[in-house]
Asker: 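I have a structure I would like to understand better, so I am pasting it below and will then ask my questions one at a time.
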Amino acid sequence: MQRKAYGPGVAALLAAVLAGCTGSPDSGGQADDSNPGGAGTATQAAQPGRYATLPEPCGAVGDRTLEELLPGLTELTDEQQREKAYAGEATLTYDTDRKVGCRWKVESLAATDRLLVDFERVVSYDNAVSDDAQAEELFARKRTAAQLPVPTVTGSGSPSPTGSGASTGPADPRGSATASGPPSSTASPSVAPSDLQPRVLEDLGDEAFLDDALDSSGSTVQERTVTVAFRTSNVIVTIEYAEQPVTVGAVPDSKEMQDRARKLAVELSDSLGA
């Protein structure tokens, strides 16, 4: 069978069609490497956070501070046990550039104390959102989850926390027994003073809060956990300090535990250069 021959006119038509499909920058067509919808301009990335690395968590707390938080350390006589207790145990993490932590647990004659220190470095993968802004959003969620009481103004003009944080009965953060006798006419003896309630902290990092919870795991055993969390730039630091007394009916002292946890938080903030 004889093949059909195409004339010059058909070849010219095909060439014109191909040229119209591909186009070129000179003829008004869009180049392959242009940015659709961006008018040829590159989007400027948001500023990175201040911190690109995290500290070694188990070495972030000094020995003297550990002894204040974990009194049982000074009671240990075996050298190997002491060394292991001071060293702490690193928490499991899959990316040490983003999240690290360390925990300690020490028993004493009076109580069992536990300490957890956690560092999280926040990185935004959105060019329009900075690392600091992303960390601020995550910290806001963390603060909301803590359900801190909302301060209100009382008749005397002083702030007084209300809400879930203003607990009654054994949840008194002071940890002291209520005196016998008729209740006070001005305030309930079971309500903790505002300076010991879960609250926002104004003098730590870029933003911070403290939580204080008393948990009864049994009818006679009560454990208190004080949490201090703060953010500095794109790093969020969380401290969890818990104590469970050995003596039946004993309640851990709230002020003492809060003071210890806040002191550690200040030391960690200073070590970060905040």
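Just so it is clear, the model here is predicted, and its values are computed rather than measured.
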Asker: So that I can tick it off, tell me whether E223 and R114 are bridged by a salt bridge, with the cut-off set at under 4.0 angstrom between side-chain N and carboxylate O.
Answerer: yes
Asker: Can you tell me how far apart OG1 (T232) and CZ (R50) are? Round to the nearest 0.5 Å.
Answerer: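 If I round to the nearest 0.5 Å, the distance is 5.5 Å.
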Asker: Is any side-chain N of the basic residue among R64 and E68 closer than 4.0 Å to the acidic one's carboxylate O?
Answerer: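 A salt bridge is absent here (no side-chain N lies under 4.0 Å from a carboxylate O).
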Asker: Verify the cluster assignment for I236 and V200: are they in a single hydrophobic cluster under the rule of side-chain heavy atoms below 4.5 Å apart?
Answerer: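 In one cluster with I236: V200, yes.
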Asker: Answer yes when K263 and D259 have at least one side-chain N-carboxylate O distance shorter than 4.0 Å, and no when they do not.
Answerer: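 No, K263 and D259 are not salt-bridged.
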Asker: Could you tell me which non-hydrogen atom of A87 sits nearest to which non-hydrogen atom of C102, and how far apart they are?
Answerer: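 Scanning both residues, the minimum pair turns out to be O-SG, 4.1 Å.
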Asker: Tell me whether L116 is reachable from V226 by hopping between hydrophobic residues (I, L, V, M, F, W, Y) whose side-chain heavy atoms are closer than 4.5 Å.
Answerer: no
Asker: Any chain of hydrophobic side-chain contacts (each under 4.5 Å) joining L268 to V100?
Answerer: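 Linked within one cluster.
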Asker: Check whether the side chains of D131 and S124 place a donor and an acceptor atom closer than 3.5 Å, and report yes or no.
Answerer: no
Asker: According to the ring-ring contact (aromatic ring centres under 6.0 Å, His included) rule, which pairs have a member within residues 101-142, sequence neighbours left out?
Answerer: F139-F209
Asker: So which heavy atom on P198 is nearest to which on L148, and how close?
Answerer: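 Nearest pair, atom of P198 first, then L148: CB-CD2, 3.7 Å.
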Asker: If you link I, L, V, M, F, W and Y whenever their side-chain heavy atoms are under 4.5 Å apart, who else ends up in the same group as Y94?
Answerer: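 Cluster partners of Y94: L92.
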